[in-house]
Amino acid sequence: MGAPRIAVAVVTMGNRPEEVDALLRTVAKQDVPPERIVIVGNGCPLPEFARRLSLPGEVTPVELDENLGCPGGRNAALARLRKFGDVDVVVELDDDGLLVDADVLRRVRELYAADERLGIVGFRIADELGETQQRHVPRIGGSDPMRGGYVTGFLGGGHALRMAMLDEVGDWPAEFFFAHEETDLAWRAADAGWHILYAPELLLQHPKTSPARHAIYYRVNARNRVWLARRRLPVALVPVHLGVWVLLTLARNRSAAGLRAWFGGFVEGVRESAGERRPMRWRTVWRLTRLGRPPVI
């Protein structure tokens, strides 16, 4: 098997032009250049990138007529890469992130070349001071962000996906729009026998943020949590998973407005169609539990 061919995909809403330029400059400095770069304008026009920033490889802008959300925008990038048919791995990066090190794509290529069942590689996310928020560590509890290994999930801000895996398990759940789409994809990948690796040596620098900065956060977080359980968990685990998350929400959330939005989204998730139901097998539940993240949490 030869070295995997790598593409980079970035989705932007056009509200961070300077940050996108800065990110693409760090992509251009990689010691292994990507074969292709796809930049998706999620309901916005895009400026010219390739010559202005001296980007390597083939640079393809994709302008969408409307904002399809993060998973929908990423699916548009994947669809374009499939038309080209010459990429094995896609590295997807948040538009306000930075690749601090110049060897990130080379390390990604080496990881995929070494393991033919490696489906997903999650990067470490750290702010300008090098701090990784605990919610960005794909393990339960106060886990060391520098401890890598096989895990049950990954971060949307910086990761790599094998195209063959996506062809088998499907793309991002576009209907989620925002929140929990990574878990939906990770559970499908794990159920199909693909490995998910957390590689902390692959660093994406990203401003320190809170997911609640998004106006729709509480509603879609709750709605998508219900959809995720209905779509992917064995029927016996659905009420357990959702019951645990209701209790956690009550314990963590001190905002009355936030709680109202959350429970409104919860009801929406129950009433509206969750789409396809393809629950994971019990042996996958057991494997995820052994990796330290039982699907009921």
Mark yes or no for whether [X], through its side chain, and [Y], through its backbone, hold a donor-acceptor pair below 3.5 Å.
X	Y	result
D94	D96	no
Y112	I6	no
E48	A50	yes
E92	G156	no
H180	N221	yes
R107	A199	no
N224	F178	yes
D95	V10	no
R106	D31	no
R277	L233	yes

Heavy-atom side-chain contact between [X] and [Y] under 4.5 Å:
X	Y	answer
E175	P71	no
R52	P47	yes
V137	Q134	yes
P234	V285	yes
R231	P173	yes
R139	R293	no
F177	I216	yes

Taking atom [atom1] of [X] as the centre, report whether more than 12 heavy atoms of other residues, nucleotides or ligands fall under 6.0 Å from it.
X	atom1	result
D65	CG	no
W286	CH2	no
E276	CD	yes
R51	CZ	no
R117	CZ	yes

Could you state whether [X] and [Y] fall into the same hydrophobic cluster, counting links through intermediate Ile, Leu, Val, Met, Phe, Trp or Tyr residues with side-chain heavy atoms under 4.5 angstrom apart?
X	Y	answer
L68	M13	no
L118	L155	yes
F263	V244	no
V38	V20	no
I196	F123	no

Identified side chain to side chain contact (heavy atoms under 4.5 Å, CB included) counterpart of L78 within the set D167, V90, V87: V90
[X] versus [Y], closest heavy-atom pair with distance:
X	Y	result
A189	V169	CA-CG1, 4.2 Å
M163	V89	CG-N, 4.2 Å
A186	G153	CB-CA, 4.0 Å
P200	P145	CB-O, 3.4 Å
G73	L64	CA-CD1, 4.2 Å
G292	I140	O-CD1, 3.4 Å

Report the distance from atom [atom1] of [X] to atom [atom2] of [Y], rounding to the nearest 0.5 Å.
X	Y	atom1	atom2	answer
L228	T183	CG	OG1	6.0 Å
F49	D21	CZ	CG	6.0 Å
N75	L166	CG	CG	8.5 Å
I39	T12	CD1	OG1	9.0 Å
H136	Y198	NE2	OH	10.5 Å
I37	L81	CD1	CG	11.0 Å

List, one per line, each side-chain donor-acceptor pair under 3.5 Å for residues 22-30, sequence neighbours excluded.
| residue | atom | partner | partner atom | Å |
| --- | --- | --- | --- | --- |
| T26 | OG1 | L23 | O | 2.6 |
| T26 | OG1 | L99 | N | 3.2 |
| Q30 | OE1 | V104 | N | 2.9 |
| Q30 | OE1 | L105 | N | 3.0 |
| Q30 | NE2 | T26 | O | 3.3 |
| Q30 | NE2 | D101 | O | 2.9 |

Please assess D88 against R36 for the test salt bridge (Lys or Arg N to Asp or Glu O under 4.0 Å), listing each intermediate value before the final yes or no. CA-CA 11 Å; D88 303 302; R36 295 187 178 276; over 6 Å; no
Apply the test side chain to side chain contact (heavy atoms under 4.5 Å, CB included) to residues T60 and K83: give CA-CA distance (whole Å), side-chain angles for both, the deciding distance (0.1 Å), then the verdict. CA-CA 12 Å; T60 304; K83 287 184 178 180; over 6 Å; no
Step by step, would you call L185 with L161 a side chain to side chain contact (heavy atoms under 4.5 Å, CB included)? CA-CA 10 Å; L185 180 53; L161 307 173; 4.2 Å; yes
Trace of the side chain to side chain contact (heavy atoms under 4.5 Å, CB included) decision for L288 with W187: CA-CA 9 Å; L288 297 183; W187 284 359; 3.8 Å; yes
Scan side-chain atoms only and decide if W194 and E168 contain a donor-acceptor pair under the 3.5 Å cut-off.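 A donor-acceptor contact under 3.5 Å links the two side chains.
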So is R74 actually on top of W172's ring, under 6.0 Å and inside 45° of the axis?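 The answer is yes, since R74 meets both limits relative to W172.
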Please report the C-alpha distance between E128 and Q205 in whole Å, then the side-chain angles of each, then the deciding distance to 0.1 Å, and finally whether the side chain to side chain contact (heavy atoms under 4.5 Å, CB included) criterion is met. CA-CA 6 Å; E128 299 88 337; Q205 181 178 297; 3.8 Å; yes
Aromatic rings H159 and F154: how do their planes relate, parallel, tilted or perpendicular, breaks at 30° and 60°?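 It falls in the perpendicular class, over 60°.
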